[in-house]
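Report on one structure; see the data block that follows.
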Amino acid sequence: MIVDTFRHQGMRKRLVDDELVLQAIADVPRHLFMDNAFLEFAYQDKAFPIEAGQTISQPYTVAYQSQLLLLEKGMKVLEIGTGSGYQTSILYKIGAKVYSIERHKVLNNKAVTLLQELNYNVKLFYGDGFKGLPSFAPFDRILITCGARIVPPELVKQLVIGGILVLPLGPENEQVMTTVIKKDADSYEMMSFDKFKFVPMLENKAP
Ligand code: SAH
């Protein structure tokens with residue numbers, strides 16, 4: 001007898017989605033997101049310094065966060081912490097409609113220029129990610145790419161019911177990768193995953 005339940009179908013779908021993440025990582029030329037001088041570091045699986053004392057996330061971390069988002073093509077995604085624009089580009093290549101916020105003007109400017117050159121059609125904003133983008137809400141998914149001490153309440157508000165927020169949650173020295181699933185207008189469930197170390201999510205520091 002052939003058994004093919006919802007669960008099997010769900011697991012199969014995950015395989016396909018993970019395939020989307022891997023394909024996106026294969027497609028996006030990571031060396032363009034780093035200074036020329038560091039060309040030989042671009043394809044090492046490591047984080048690396050960019051301007052303004054920030055880092056471009058390790059490819060492993062980018063894949064890890066992207067998979068936790070359980071993305072489907074066409075979903076509206078908000079990223080906090082554009083940085084180099086690398087993770088932004090991966091989300092775009094997976095097929096999401098991407099909005100991303102960065103609090104350092106120099107990084108925002110660079111990412112705008114590069115992503116335009118690459119013809120990646122994403123919306124980049126200079127601002128404070130804690131506030132999100134209320135005028136573009138709600139989002140199907142939200143991804144925080146800096147270490148957050150708390151689950152930012154404004155961001156949960158800007159999620160659709162059933163939407164997922166992925167964030168590294170915890171103090172500056174170490175965070176636990178966490179997914180927040182919005183159950184209804186005022187409650188959510190959390191799940192914890194592996195430990196990571198991100199640059200901090202700063203509050204009330206930008207525009
Ligand atoms: N996704 C980036 C990772 C950059 S590191 C990449 O792939 O390159 C995290 C970024 O979050 C930094 O650029 C930092 O400036 C930014 N950041 C920190 N706090 C923020 C806030 N409150 N709002 C927006 N961006 C923030």
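Below, each value reflects all heavy atoms present in this structure, side chains not excepted, and no hydrogens, waters or symmetry copies. Throughout, numbering of the chain's residues begins at 1 and tracks the sequence. Whatever order the structure lists them in is the order used to number ligands and atoms, beginning at 1.
Ring geometry for Y99 against F139 counts as perpendicular: the plane angle is over 60°, on a 0 to 90° scale with 30° as the lower cut. Using a 30° and 60° split on the angle between ring planes, Y64 and F193 fall in the perpendicular class, above 60°.
Checking only distances, I80 never comes within under 3.5 Å of ligand 1, N or O to N or O. Taking any N or O of E203, backbone or side chain, none lies under 3.5 Å from an N or O belonging to ligand 1.
More than 12 heavy atoms of other shown residues, nucleotides or ligands fall within 6.0 angstrom of atom CD in Q44. Around NZ of K105, the count of heavy atoms belonging to other residues, nucleotides or ligands within 6.0 Å exceeds 12.
Nearest-heavy-atom check against atom 2 (C) of ligand 1 across P152, P168, G81 picks out G81. Closest heavy-atom approach to atom 23 (N) of ligand 1 among the candidates G129, A111, S57, P200: G129. Atom 15 (O) of ligand 1 has its nearest heavy-atom neighbour, among M201, R103, E102, in E102.
Ligand 1 places these atoms under 4.0 Å from at least one heavy atom of T82: 1 (N), 2 (C), 6 (C), 8 (O). Per-residue contacts place I101 under 4.0 angstrom from the following atoms of ligand 1 (heavy atoms of the residue considered): 24 (C), 25 (N).
By the 6.0 Å and 45° rule, R30 does not stack over the aromatic ring of Y43.
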Apply side-chain hydrogen bond (donor to acceptor under 3.5 Å, both in side chains) to the pair T88 and E79, showing each step before the final yes or no. CA-CA 7 Å; T88 322; E79 177 195 24; 2.6 Å; yes
